[in-house]
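FYI, the numbering just counts along the sequence from 1.
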Amino acid sequence: MKKILVLGILLFHLLYSAEAQKVEPPFWWVGMENNELQLLVYSKDVARLKVKIDYPGVEVKKVHKFDNPNYLAIDLIISSETKVGSFNIDFFNSTKKVHQYKYELKKRAKKSANRKGFGQEDVIYLLMPDRFSNGDPKNDNVDAMLEKANRANPDGRHGGDLQGISNHLDYFSQLGVSALWINPVLENNMPAYSYHGYAITDFYKVDARFGSNQDYVDMVAKAKSKNIKIIMDMVFNHCGSKHWWLNDLPSNDWLHQFDEFTRSNYRGEALMDPHASEYDKMIMSHGWFDHSMPDLNQKNPFLANYLIQNSIWWIEYADLGGIRMDTYPYADQEFMNAWVNAVYTEYPDFNIVGEAWLQTVAHTAYFQNNTFANTKAPSKLNTVTDFPLCYAANDAFNQQDSWTNGVARLYMTLSQDFVYSNADSNVIFLENHDIDRFASNVANDMAKWKMGMTFLLTTRGIPMLYYGGEFMMPGKKGEGDAALRIDFPGGWQGDSIDVFNNKNLPENQQLALHFTKSLLELRNANPALQTGKLTHYIPKDGYYVYFRSDGNKAFMIAMNNGEEVIDLDLSEFAESLKPFLSIRKFGEESFSEIPQEVQLPIKSAVIFELIK
Ligand code: CA
């Protein structure tokens with residue numbers, strides 16, 4: 001009898017409780033450039049209720065209903081004169097107030113113009129939060145979360161968290177990187193593979209196994225105090241199949257739905273291919289990324305607003321130094337243009353890097369500012385991931401030199417930069433969480449590895465290191481994604497190798513780490529290596545020479561990709577050497593007159609500094 005009563009009360013609550021279960025964004029600010037805000041309200045039968053707000057400066061412009069009566073969208077206009085504070089959203093059933101929701105408008109911490117995003121002066125460090133360091137073992141398992149920690153499972157959760165990152169901010173400073181791209185930290189309450197973070201189940205909540213929203217804000221602030229910017233990894237193309245929307249979709253067109261499971265063809269080329277079929281384009285952008293990752297339909301204007309506001313909310317709330325947008329080509333491109341432009345309207349000096357994982361320069365360049373897109377509203381997307389240069393660098397030092405192979409791969413790729421609207425702001429890398437680690441790709445050959453690292457940290461673009469890459473951490477994609485994402489040595493109590501405290505790291509890896517640090521120190525101290533003009537010379541006989549010059553100072557990087565020592569005649573490079581009087585090899589104490597020849601050891605990249 002008692003059970004029936006309890007059930008009855010529960011049922012009554014489910015059916016008649018008009019309590020707003022969710023209002024998102026959870027709060028907002030007064031004084032944003034865009035004075036409009038659209039609240040998404042989720043509550044049982046909320047569409048039957050009338051909405052009233054009585055607060056000076058806040059006007060209800062429109063209330064929208066959905067196919068599903070459990071949702072409403074409330075369009076607000078928030079005057080810049082509005083007083084910071086809380087107001088009530090009252091929900092009426094005819095004349096009876098059935099619910100009240102308290103909504104807060106906060107004061108902006110700073111003017112948007114002061115919010116500078118990452119740029120060419122930075123070096124980015126990508127890390128996977130579950131695999132970097134476990135700073136708080138108490139959050140490894142959380143009752144409400146489906147997947148529990150299991151460090152013995154390569155595809156399981158290992159317990160890394162925000163506290164682990166916070167604890168080691170000095171490691172990044174000492175290494176010489178100035179921006180952290182952290183793989184997604186938002187809730188992934190998925191039954192398996194939740195560690196990578198790309199199946200988001202709540203866009204407004206940090207995964208409890210990483211920490212709280214406040215922990216994230218605190219970590220960003222602490223990083224900022226050490227001049228380290230935090231780049232948030234966001235995903236607009238899809239969500240996790242356990243996202244709360246999936247239990248009760250606002251409308252059928254919230255997701256792209258098919259009669260049977262339909263996967264994306266992953267062919268971003270179809271989007272700009274003049275010969276592409278509409279079918280291929282549709283499958284590219286509407287097909288699901290995976291069973292666990294339903295495809296979001298950004299053509300739905302309410303979802304579009306939701307995502308745009310979500311990104312602005314995180315920038316403003318957490319004081320971000322940049323966004324990395326996952327699977328950029330897979331989302332609706334008109335929406336992506338609108339999103340990027342909305343972010344730049346609020347934050348003109350911000351930066352976003354779009355993951356454009358394509359094979360060629362032309363296909364990649366398409367996404368940077370939509371140079372070639374036939375669109376009324378071109379995008380302000382400054383920065384794309386430079387996969388073509390990554391592939392070139394991974395080939396170059398393993399190949400026999402020829403007209404097209406070896407260091408010619410670098411030359412051939414960079415010579416296509418005219419296609420980009422701004423190649424200097426490309427994010428460049430040798431490896432990331434999805435592809436072979438560079439050290440493994442050059443079979444742990446230190447000479448080849450040093451050539452790659454020297455190229456990465458001296459050519460044009462914004463360099464990015466992938467955690468562990470600074471000391472030749474190995475990993476092959478053929479062994480599964482987990483092999484690319486092993487735990488950072490020293491991130492867990494009791495680790496036999498501890499990089500943070502320089503304990504038991506094999507000698508070759510110590511040498512590699514030292515080499516990376518010295519290169520970063522050089523780059524950080526010299527604007528010519530960050531923003532200087534790149535001039536390169538056609539490779540010949542296995543050597544490749546390029547200069548980075550800011551007018552006052554220049555660097556000459558001379559690579560010998562072959563198996564014989566080269567005595568390099570410098571007269572060939574007179575055009576770039578002319579303004580300078582003195583030279584010194586990186587590592588040498590003093591400058592001397594520019595000689596006729598320099599010697600390049602086999603398989604080496606030698607850096608020379610030039611001054612007037
Ligand atoms: Ca933990």
### Task
Enter the distance from Asn504:CG to Ser496:OG here, rounded to the nearest 0.5 Å.
6.5 Å

Would you say [Y] and [X] are linked by a side-chain donor-acceptor pair, where the criterion is simply a distance under 3.5 Å?
X	Y	value
Thr413	Tyr391	no
Gln120	Thr531	no
Asn369	Ser421	yes
Asp140	Asn134	yes
Asp170	Ser173	no

### Query
With sequence neighbours left out, which residue pairs that include part of residues 443-455 fulfil the side-chain hydrogen bond (donor to acceptor under 3.5 Å, both in side chains) condition?
Asn398-Lys448

### Query
Do we get Arg437 above Tyr467's six-membered ring, with its NZ or CZ under 6.0 Å from the centre and within 45° of the axis?
yes

### Query
Is the cationic atom of Arg131 (NZ for Lys, CZ for Arg) positioned less than 6.0 Å from the six-membered ring centroid of Phe210 and within 45 degrees of its normal?
no

### Task
Check each of His158, Arg485, Arg157, Arg209 against Tyr195 using the side chain to side chain donor-acceptor pair (under 3.5 Å) test, and report the only one that passes.
Arg485

Looking only at the aromatic ring of each residue, does the gap between the centers of [Y] and [X] stay below 6.0 angstrom?
X	Y	value
His168	Phe500	yes
Trp181	His433	yes
Tyr266	Phe289	yes

### Closest contact, heavy atoms only, Ser425 versus Thr383
O-CG2, 2.9 Å

### Task
Heavy atoms only: give me the nearest Phe372-Ala365 pair and the separation to one decimal.
CE1-CB, 4.3 Å

### Query
Is it true that atom NZ of Lys222 has more than 12 heavy atoms of other residues, nucleotides or ligands lying nearer than 6.0 Å?
yes

